[in-house]
Amino acid sequence: MRTTYSPHPPIRQIIAERVSRRGFLLGSATGLGAVAAQGFVGSLFSGEALAQDVSSSLGFTELKRVYDDKHHVADGYKAEAVVAWGDPMQASQEAFDVAKLDAAAQAERFGYNCDFVAFMPLPKGSSNSDNGLLCVNNEYVSANVMFENLKEDGMGAAMTKEQVALCNMAVGHSIIEIKREGGVWKTVAGSAMNRRLTLESEFAISGPCAGHDLMKTSYDSEGRMVRGTNYNCGGGTTPWATVLTCEEGASDTFGGDIAKSPFAAVLERYGYDGSDYYGRARFDDRFNVEKEPNEANRFDWVVEIDPYDPTSTPVKRTALGRMAHEAATVVLNKDGKVVVYMGDDDYFEYMYRFVSSAAFDPANLETGRNILDEGVLSVAKVNADGTMNWLPLVHGQGPLTADKGFASQADVLLKTRLAADALGATPMDRPEDIETNPVTGRVYAVMTKNKKISADKLNPVNTRPENNTGHIVELIPPGGAGKDADHTAATYTWDLFVLAGNPKDPKHGAKFHPATSEDGWFVNPDNLTFDPKGRMFVATDGANDFDLPDGIYGVDTEGPARGLPKLLFTSPHGAEATGPCFTPDGTTLFVSVQHPAEDAETLDKVQTRWPDFKGNNIPRPAVVAIQRTDGKEVGA
Ligand code: FEO
Ligand code: CA
Ligand code: CA
Ligand code: CA
């Protein structure tokens, strides 16, 4: 068990770090730059990549980086808001008016702080790129810029019952039909497929923890039905046309004295501190760990949604483990096994992989229905010799036995982080997205940053002390490229893809392709997607701390321009860019612009009223569609 690392902060602390400039230093105070860890060092920019005259395969003229109140996109492209917080989802609803918004209205309107985006074509099973369901996570609320006179400090105690109820309806997930006509994406208000999932919706529990005593509450004596989903951050889609939404840690939703909980040690390991940051425990006992001790066990899972059936009950799939889930990227292995890659987004947390027991048959989508309920969850151990191992979190194996504190497989999953500690997994610099390149079969894991990592805590794959800028790791399954890659293998090799930061600032210790421009380097990678040609698109979260906009960068992963980023899009003041998602034809790249203006202390001090700007309008998170003005593929 590890004891040397700092306690894990709740996610709101991570958010607070982003919005607070206080005490932030560019690079470390001690001036430490990149330190090559002992042992294996990735083959960053050796050999052919050092040739200076290479250019990216991405055909756009790079955007000039400007940090202001607007979004910007490269010449020859347009970026238009498709749907924003509070937009109507029903035909009878009027346009957004914050003065008329209450919890009941919010329950039927687009949610706040959009994050992961999935475009699910209509009809189901087609690759239609002009009509589909936009399935969007609504991660959390920035209440300080939603309501008048509400400061972030002490927000939970100050919010009214009505404000808390509205916020509970603004989080979760939004499904809305969209259509492209004449090159413009429009929502279809009133579509029978439109749906909101909130902190009040019903979710089934499946997998090893379903029905377990630790999942039972006064609301649900069977341990099989949860009210609500929360902190829906990253996600994924499945070959059977469902959406996976990741609960990224509900720790700050809960109030009460954690020390009085029978699970105090586990809650502490998951960052729970009873802060009740959004005031929820003041109005609902289920969020008080003293009154409803098991409720916290029912969050921090991956949830599966069937967007094509608006009457279906989404399912929390406990076999995928309990953590601050960022990503759930699904790969169909060549033997039909379903593989899910997941990051646990917190300081010194781990990378995970799930492999299904059964094989999926693409000719029969029904074979996917409950396939995520049985399989082996593993955690990554990264070795200095350039290999990495997936260590199975299986009850009865190694230290995961009853006498070591793990009573059953359900117990292992409820305490996933502790089980991974026991196996000696490799602590990472806050693992966010993990995605696969569909062309090469290689897997990319994003470490967004880790200011807490000191020189004595470095390891072969996290090589910079006080890593404020993040990096991207390449995981290489054996077996060959593309569909030949074996995503079920116990051992992979790995490499460092890029070390983010300013290449001209020695304190950052950044490593990109040497031809990277002044506008092309980035900090704090968070989410990734790939275009149909296998080029990577990186979304960043954290650049504002460097007086830079967050944005979208296209990067080659193969060839002489490997690791050479180019800036395509930037978000407005205070916003991260997240949830990048292509239409099947690659002509539209959807991006969530999350928490614009969130860094303002109060609503009257916001630095942007994006995207409406009209009069005194309120800033609104929104999903943007990036397209070439000539309609060709993005990056063509
Ligand atoms: Fe919600 Fe890990 O970002
Ligand atoms: Ca976020
Ligand atoms: Ca994220
Ligand atoms: Ca993030």
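In each ligand, atom 1 is the first atom listed, and ligand 1 is the first ligand listed. What you are looking at is a predicted structure, and each value in this text was computed from that prediction instead of being measured.
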State whether a side-chain donor-acceptor pair under 3.5 Å links N527 with E326.
yes

Name of the D345 atom (N/O/S only) found closest to atom 2 (Fe) of ligand 1:
OD2

Does a salt bridge link R269 with E349, judged by any charged N lying under 4.0 Å from a carboxylate O?
yes

Among the N, O or S atoms that E248 has, which is closest to atom 1 (Fe) of ligand 1?
OE1

D495 bridged to R442 by N-O distance under 4.0 Å
no

Any N/O/S of E326 under 2.8 Å from atom 2 (Fe) of ligand 1?
yes

With respect to the Ca ion (ligand 3), please indicate if E576 possesses an N, O or S atom at a distance under 3.0 Å.
no

Does D526 bring an N, O or S atom to within less than 3.0 Å of the Ca ion (ligand 3)?
yes

Below 2.8 Å, can you find an N, O or S atom of E432 next to atom 2 (Fe) of ligand 1?
yes

Is the ring pair W185/F119 parallel, tilted or perpendicular, if the boundaries are 30 and 60 degrees?
perpendicular

What is the ring orientation for H508 with F546, classed by angle as parallel under 30°, tilted 30 to 60°, or perpendicular over 60°?
perpendicular

Is the backbone of G534 close enough, under 3.5 Å, to the side chain of N437 for a donor and an acceptor to pair up by distance?
yes

OE2 (E326) to the Ca ion (ligand 3) to OE1 (E432), nearest 10°, is 70°

Nearest 10° is fine: what angle sits at atom 1 (Fe) of ligand 1 between SG from C233 and OE2 from E139?
100°

